[in-house]
Protein chains: 2
Amino acid sequence: MDDRLRRSMPLFSMGIVQNLTGLTARQIRYYEENALIEPERTEGNRRVFSFNDVEKLLDIKSLLDEGVNLAGIKHVLSSKPVESNQPLNAVKQKKSDLSDADLMKYLKRELINAGKFGDQARIQGEFSRFFNQK
Amino acid sequence: MDDRLRRSMPLFSMGIVQNLTGLTARQIRYYEENALIEPERTEGNRRVFSFNDVEKLLDIKSLLDEGVNLAGIKHVLSSKPVESNQPLNAVKQKKSDLSDADLMKYLKRELINAGKFGDQARIQGEFSRFFNQK
DNA sequence: TTTTTCTGTAAGAAAAACTAACATAGATTG
DNA sequence: CAATCTATGTTAGTTTTTCTTACAGAAAAA
């Protein structure tokens, strides 16, 4: 639960994600169009990506490099060890009587265990993916 | 080292940081103006904040809540990495341009918060700092 | 060959972010 | 007390970033 929330928290803007992944905006939007990712939106309709999204984009990238097409990638991703494919909205639904502010507090509280990020045990996790790009 | 890179990596746009910290853009810019943080810039001059920046902003926020002024906060932040090991004299030396009152506030705060900041945060890493705010 | 897939590019619009300037309540200082 | 300083709000005008939509084309698939 903690993990799912943390990973689906909207954090990164389009520009950042382009830098992080090396993908173009066009590609990223196309993958969204094909339901491979579901970034949140700001009030003004700007995309905001989560760890989950970025991680998926990196997966997509490397699978594309291997010659897998989008249809194949979609299958690979959907059969991936769950963690969380759920966008924040799904969580929001469950807590439907919470205001956004309350949800924020809730998230922050729930994310106490985010220290896992630094753990050796999670060396395959998203952080190493972000920062050990080759 | 790897850690330092990660923590100083530019990741977050202004809007995200406002959400993450609850501070206004005006405040954030003002703190930068006063050299409390040094976010990177995009080619187009937009700020891009690191984990470090966000963490500092959260520190600033909670110190402000405690009544410490920016001058005091500046000193607290600059001495933070070694806060618990630093002998009083060294602190006093470093803070020679602080008024006695400010120094008093600073010291009091250090005592009161001896455990709040450092320990848990140091163990769990920056993420818990982000999301464990109250 | 024809169609589909994936990405590029361009145009126009809107959001987000920037700087600079002025305003001000609450502290601090003389 | 008056003057100044601090920290933040607000507004205006500008620039950057992002958005959608549409058209184009190479490569792969049918």
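Proteins get letters first, then strands, A, B, ... in listed order; numbering begins at 1 in each.
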Please assess A/Asp65 against A/Ser62 for the test side chain to side chain donor-acceptor pair (under 3.5 Å), listing each intermediate value before the final yes or no.
CA-CA 5 Å; A/Asp65 280 348; A/Ser62 84; over 6 Å; no
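- In terms of position on DNA chain C, the residue among B/Glu32 and A/Tyr30 whose nearest nucleotide sits closer to the 5' end is A/Tyr30.
- What you find for B/Ser50 and B/Ser8 is that their closest heavy atoms are CB-C, 3.5 Å.
- The interatomic distance linking A/Arg47 (CZ) with C/dA15 (P) rounds to 15 Å, in whole Å.
- Residue B/Phe49 is tested with B/Ile28, B/Thr21, B/Ile16 for a side-chain contact (heavy atoms from CB on, under 4.5 Å); the sole match is B/Ile28.
- Note: B/Ser78 OG to B/Ile73 CD1 = 12.0 Å, rounded to the nearest 0.5 Å.
- A distance-only check finds no donor-acceptor pair linking the side chain of A/Lys74 to the backbone of A/Ala35 [under 3.5 Å].
- For B/Met14 and D/dT15, the CE to P distance is 19 Å, given to the nearest whole Å.
- Within residues 34-45 of chain B, the residues that place at least one heavy atom under 4.0 Å from DNA chain C are, in residue-number order, B/Arg41, B/Asn45.
- At least one side-chain nitrogen or oxygen of A/Tyr31 sits closer than 4.0 Å to the OP1 or OP2 atom of C/dT7.
- Contact detail for A/Lys61 and A/Leu23: the closest heavy-atom pair is CG-CD2, 3.9 Å.
- A straight line from CG of B/Asn69 to P of C/dT29 spans 10 Å, rounded to a whole angstrom.
- Close to C/dG8, at under 4.0 Å from its OP1 or OP2, lies a side-chain N or O of A/Thr24.
- Applying the 4.0 Å criterion to OP1 and OP2 of D/dT17, one finds that B/Ser13 has every side-chain N and O outside that range.
- The salt bridge (Lys or Arg N to Asp or Glu O under 4.0 Å) check on A/Arg46 picks up nothing, with sequence neighbours excluded.
- Applying the salt bridge (Lys or Arg N to Asp or Glu O under 4.0 Å) rule to B/Glu40 yields no partners; only residues at least two apart in sequence or on another chain are considered.
- Base engagement by B/Arg29 is indicated by at least one non-hydrogen atom pair under 4.0 Å involving a base atom.
- Nucleotide C/dT5 holds its P atom 10 Å from the NZ atom of A/Lys74, rounded to whole Å.
- If you take CG of B/Asp65 and P of D/dA7, they are 14 Å apart, rounded to a whole angstrom.
- If one axis is set at each end of the helix from C/dT1-D/dA30 to C/dG30-D/dC1 from five pairs, those axes are 30° apart, to 10°.
- Atom CG in B/Leu36 sits 12.0 Å away from atom CD in B/Gln27 (nearest 0.5 Å).
- We find that CD of A/Gln18 is positioned 13 Å from C1' of C/dT7, with the value rounded to whole Å.
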Protein-nucleotides 10-14 of chain D N/O pairs closer than 3.5 Å?
| unit_1 | atom_1 | unit_2 | atom_2 | d |
| --- | --- | --- | --- | --- |
| D/dT10 | O4 | B/Arg26 | NE | 3.3 |

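- For B/Arg47, the salt bridge (Lys or Arg N to Asp or Glu O under 4.0 Å) criterion is met by B/Glu32, not counting sequence neighbours.
- For the atom pair CD1 of A/Ile60 and CG of A/Asp53, the computed distance is 9.0 Å after rounding to the nearest 0.5 Å.
- Between B/Leu63 atom CG and B/Asn69 atom CG the span is 10.5 Å, to the nearest 0.5 Å.
- Residue B/Ile28 contributes atom CD1, which lies 13 Å from atom C1' of C/dA16 at whole-angstrom precision.
- One can place CD of A/Glu33 at 12 Å from C1' of C/dT5, the figure rounded to the nearest angstrom.
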